[in-house]
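Nothing here was measured: the structure is a model prediction, and the numbers come from that model.
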Number of protein chains: 2
Amino acid sequence: MSELNAVPAPKKGRPGVDRQYVLDTAVTAFIEFGYDATSMGMIAERLGLSKAAVYHHYPAKAEMLGAALDEALGGLEGVLLEAGAHTGSAEERLSYVLRGAVHILTSRLPYVTLLLRVRGNTDVEREALRRRREFDRSVTALVAAARDEGSVRSDIDPRVVTRLLFGMINSIVEWYRPDGPESADQLANEVLAMALEGLSAT
Amino acid sequence: MSELNAVPAPKKGRPGVDRQYVLDTAVTAFIEFGYDATSMGMIAERLGLSKAAVYHHYPAKAEMLGAALDEALGGLEGVLLEAGAHTGSAEERLSYVLRGAVHILTSRLPYVTLLLRVRGNTDVEREALRRRREFDRSVTALVAAARDEGSVRSDIDPRVVTRLLFGMINSIVEWYRPDGPESADQLANEVLAMALEGLSAT
DNA sequence: TGCATTATTTACCGGTCGTTCAGTTAGTAT
DNA sequence: ATACTAACTGAACGACCGGTAAATAATGCA
């Protein structure tokens, strides 16, 4: 906890924009135009800097993407490490993880949005896809455990169930906006309700 | 029925590849690398032709995308025109349309895959997004009607319900493969079951 | 055979891309 | 003042992009 949160800022040399601001500007542009269609020149323009200045903060365009994807994946993987993911029945653990995933989606919206658009055309993207599949595998195991427990329907393959579940959850990035009328907690409740009980009136 | 299905092939002049083959090759590449990252040269290479030859069949890269998106949107809009979309209770009509959407997703998989990745950076993409939103609006109306009927839960906004529903359904393009072990009909049954009854054991 | 028609190729254009490099500017520390 | 350091600039690079023009090749038909 001592050095992980340590971001003291060196205080030497000419002041300028910081790495995080550069990254967020790039990510915003990546989302707006797509990664490939976003040029370094556009990012530089939005920062009010020259194209070469961007390379002072990140050595390559792909490294900016990599840093963004790491933010998203770190958040999701973090949920699996929390106590709630290992406490109680399989159904309780599954609910905890799904709710945690919704929380990461909303709190790190731009990064996760980028992650969900990655298709694996470069090494950076393939590594991100690998970690994402790993996360999916953990949740699939939770679904299978909940099914063995008798708390989740057993007529559909757990892998299909998990994919449909994440199809629903991940779609949040397509339309959720933090400044909208709906709070993140309320959204999580609605998503969990739809996922568990479905569309039909009870 | 007379001229719509009429694709007789003129039978005159030098033989060559036909438009549909060019389009399908382009769409496959678009999906694999992304639209922007796919160059006309790559499409030409896969066709075994020169870059200029591709321009003989389609006047621009964007028109290939437009033709593909039209295939997807035409299919979805067609579901709303079928008799089943206007027959019976709102719940029955909704089920019919959802099942129809799954059918189009699986039967026109590459085209719909492309449609679901469109972000609206060009005129062609913006027009496609407009038609897609129109389709969504029709389904939202069906959900609202089913809620008024009492057959669909009333504790969640119909717009949120519809978005989550299509989040689940649309995710099919991310993992469904026609040559896999699962038939399209079986998949449709599972998706409908998850959407209507949810995850929980009954 | 020759003509119309369709398909395709070679060569090229202007422009944009990600990236690099040598040098300059604006601050802090002594 | 002077030294040091991080932040930044302008110009250029080779590669590749979407698209075009004009010539050529291959077919059916008269």
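Contact annotation: H57(B) side-chain N/O to dT6(C) OP1/OP2 distance is not under 4.0 Å. In this model, the phosphate group of dA7(C) is approached by a side-chain N or O of H56(B) to a distance below 4.0 Å at OP1 or OP2.
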| field | nucleotides 17-27 of chain C: protein proximity per nucleotide (B base, S sugar-phosphate only, - neither; heavy atom, under 4.0 Å) | value | SBBBB---BBB
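Looking at residues two or more places apart in sequence or on another chain, you find no side-chain hydrogen bond (donor to acceptor under 3.5 Å, both in side chains) involving R19(B). Every side-chain contact (heavy atoms from CB on, under 4.5 Å) that E134(A) has, sequence neighbours left out, goes to R137(A). E45(A) meets the side-chain hydrogen bond (donor to acceptor under 3.5 Å, both in side chains) test with no other residue; sequence neighbours excluded.
For residues 179-200 of chain A, the set of pairs meeting the salt bridge (Lys or Arg N to Asp or Glu O under 4.0 Å) definition, not counting sequence neighbours, comprises E197(A)-R153(B). Listed by first then second residue, pairs satisfying ring-ring contact (aromatic ring centres under 6.0 Å, His included) with a partner in residues 41-91 of chain B number zero, not counting sequence neighbours.
We find that CZ of R19(A) is positioned 16 Å from C1' of dC8(D), with the value rounded to whole Å. The nearest whole Å value for the distance from the CD1 atom in I43(B) to the P atom in dC17(D) is 11 Å. Between Y58(B) atom OH and dT20(D) atom P there is a gap of 17 Å when expressed in whole angstrom units. Atom CG in D18(B) sits about 15 Å away from atom C1' in dT8(C), given to the nearest Å.
Expressed to the nearest 0.5 Å, how far CG of L116(A) lies from CG of L105(A) amounts to 6.0 Å.
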